[in-house]
Amino acid sequence: MKANRWIYVITGIIGMFFVGSVYAWSVLRTPIAAEFPEWTATQLSLCFSLCMGLFCIGNLLGGILTKKMSARLVSIISAIFTIAGFVIASQAYSLAALYIGYGILAGTGLGFIYNIVLSTVLKWFPDSPGLISGILLMGVGMGPILVAPIFTNVSLEFGWRPTFIGMGIIAAICFVAATFILREPSEGDLLPYAKKNAGGKSAVSEDIPPFKMLQHRAFWIYFAWVVLLNSASMAVNSQAYPLAEEVFMTTARASVMDAAAIAALLSVLVSLFSVFNGIGRVIFGIVFDRKGRNLTLLIVSLGFVLSCVILGTSLSTSNFILVMVGLILLGFIFGALPTMSSAFSRDFFGAKFYSLNFPLLNMSVLTSSFTGPLLAGNMYDAAGSYEGLLWWLVVLCIVGTGICLFIRKPGESIKNFKK
């Protein structure tokens, strides 16, 4: 009897939930910043940047290692890196220890398992790469829904250091357990799906190896597009909690709430960012499969412009409703980027080399994970506000919208957004 391929999707989602802890940094940093007030926003942003950067490198290394050893062994290595990273971070009394623990070790470990889950589960779905990429990456985007409120409540009770240790242990156990279920499909497993994709057309006819992909014009244009838009989203994501706090503390309601209630409210808002981030990953996966690459790219680009305009206006007018709308919309649009990169890699460059091509394409996040958060930290340290930052991000997103018009295959018209 053939395996039910949706079992692997469910397993993958569980693993991806814990990978999503990387996006909860704006909440995780709050008690750390309170204990070490001498650490600046820029210095704490660098920890997030290191984690995201090593996450990208771990993603690429995971693809290389799975060509040489079993996915199960790589997942064990991932678990070791992850738990070691969280434990070291939990004992940090210096920025260096925090950077090594959470930034380098945990980031690398999370990148390993990210590659294993995506490259394994997507092989079961040659007919709907956008949808399945979106569902799996929804787990990453919605991970902070669990992490943010649980971390806030548990750390208030026991302290952030024991909470970090607990997070590392639970994530490591789930990573190892997932690989006892996941397996690659055989030809017989894929027979009902291999001939068709979601649109009923022939599947990708050409598999482009990594060295040829790196020579492809579209690769570098897409890479630049992701860097611009992801820099904007990373800048906001790394500072979502303090950004919302800046606006909220100017409202009348802030004067009648205690610190714990304010922290809970802002944590819920960060969680909503993650909820819509997860929803966006699925929705844009479906849009990609049904409407095509070009139209999806344009919708995503314009969505980034709109969300940053709303956030900039919220700070200019001290309007907390607008900051909520802006963060929710940005979370939704932000969710499109990882799904788009996964589906774009498979659609444009084929499935055979996906486990290496996608991490190389995803190295764009390595650049944006430094430019975005560090830009946010530096501008806040200089101005004491995030308002100027948001208007700079609007400019980045407008440039990204122009770039997306040129991401197309040879022979495609720049006016054709339906294929």
Report task. Run the numbers on Phe164 and Phe151 for ring-ring contact (aromatic ring centres under 6.0 Å, His included), then give the verdict. Result -> CA-CA 8 Å; Phe164 259 58; Phe151 177 84; 5.8 Å; yes

Got [X] and [Y] here, is their nearest side-chain heavy-atom distance under 4.5 Å?
{"X": "Pro359", "Y": "Asn115", "result": "yes"}
{"X": "Phe219", "Y": "Phe349", "result": "yes"}
{"X": "Ile77", "Y": "Met69", "result": "yes"}
{"X": "Met363", "Y": "Ile57", "result": "yes"}
{"X": "Phe18", "Y": "Thr82", "result": "no"}
{"X": "Met16", "Y": "Tyr114", "result": "yes"}
{"X": "Ile7", "Y": "Ile181", "result": "yes"}
{"X": "Ile132", "Y": "Tyr8", "result": "no"}

Sub-6.0 Å ring centroid separation between [X] and [Y]:
{"X": "Phe406", "Y": "Trp220", "value": "no"}
{"X": "Phe334", "Y": "Phe276", "value": "no"}
{"X": "Phe344", "Y": "Phe358", "value": "no"}

Is a side-chain donor or acceptor of [X] paired with a backbone partner of [Y] at a separation under 3.5 angstrom?
{"X": "Asp289", "Y": "Leu131", "answer": "yes"}
{"X": "Ser314", "Y": "Leu322", "answer": "no"}
{"X": "Gln215", "Y": "Phe211", "answer": "yes"}

Query raised in the report: Regarding Trp225 and Ser301, is there a side-chain donor-to-acceptor distance under 3.5 Å anywhere?
Result: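 A donor-acceptor contact under 3.5 Å links the two side chains.
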
Query raised in the report: With no hydrogens and no angle check, do the side chains of Ser341 and Tyr222 hold a donor and an acceptor under 3.5 Å apart?
Result: yes

Smallest separation among heavy atoms of [X] and [Y], with atom names:
{"X": "Asn230", "Y": "Ser368", "value": "ND2-OG, 3.0 Å"}
{"X": "Lys212", "Y": "Ile208", "value": "CB-CG2, 3.6 Å"}
{"X": "Ser342", "Y": "Leu137", "value": "CB-CD1, 4.4 Å"}
{"X": "Val247", "Y": "Ser318", "value": "CG1-C, 3.9 Å"}
{"X": "Ile165", "Y": "Ser90", "value": "CG1-OG, 3.3 Å"}
{"X": "Ala244", "Y": "Val323", "value": "CA-CG2, 4.4 Å"}

Query raised in the report: Phe284 vs Phe332 aromatic rings, parallel, tilted or perpendicular, using cut-offs 30° and 60°?
Result: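 If you compare the ring of Phe284 with that of Phe332, the planes turn out tilted.
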
So if I apply the side chain to side chain contact (heavy atoms under 4.5 Å, CB included) rule between [X] and each of [options], which one comes out positive?
{"X": "Arg281", "options": "Asn277, Ile279, Ile283", "answer": "Asn277"}
{"X": "Ile116", "options": "Val74, Leu65, Asn59", "answer": "Val74"}
{"X": "Ile83", "options": "Leu105, Ile169, Ile173", "answer": "Ile169"}

As an exercise, state the distance from [atom1] of [X] to [atom2] of [Y], rounded to the nearest 0.5 Å.
{"X": "Ser119", "Y": "Leu356", "atom1": "OG", "atom2": "CG", "answer": "9.0 Å"}
{"X": "Leu396", "Y": "Thr401", "atom1": "CG", "atom2": "OG1", "answer": "11.0 Å"}
{"X": "Tyr354", "Y": "Thr120", "atom1": "OH", "atom2": "OG1", "answer": "10.5 Å"}
{"X": "Trp391", "Y": "Cys308", "atom1": "CH2", "atom2": "SG", "answer": "9.5 Å"}
{"X": "Asn294", "Y": "Ile407", "atom1": "CG", "atom2": "CD1", "answer": "8.5 Å"}
{"X": "Leu315", "Y": "Ile310", "atom1": "CG", "atom2": "CD1", "answer": "13.0 Å"}

Requested in this report: Begin from the C-alpha positions of Leu46 and Thr42 and carry the test side chain to side chain contact (heavy atoms under 4.5 Å, CB included) through to its verdict.
Outcome: CA-CA 6 Å; Leu46 181 56; Thr42 301; 6.0 Å; no

Query raised in the report: For Val117 and Val19, what are the C-alpha separation, side-chain angles and deciding distance, and is it a side chain to side chain contact (heavy atoms under 4.5 Å, CB included)?
Result: CA-CA 11 Å; Val117 170; Val19 173; over 6 Å; no

Query raised in the report: Given Phe48 and Arg29, is the side chain to side chain contact (heavy atoms under 4.5 Å, CB included) satisfied, shown in steps?
Result: CA-CA 9 Å; Phe48 177 76; Arg29 73 187 286 278; over 6 Å; no

Query - Derivation and outcome, side chain to side chain contact (heavy atoms under 4.5 Å, CB included), residues Leu243 and Glu246 - result: CA-CA 5 Å; Leu243 188 155; Glu246 178 182 336; 5.7 Å; no

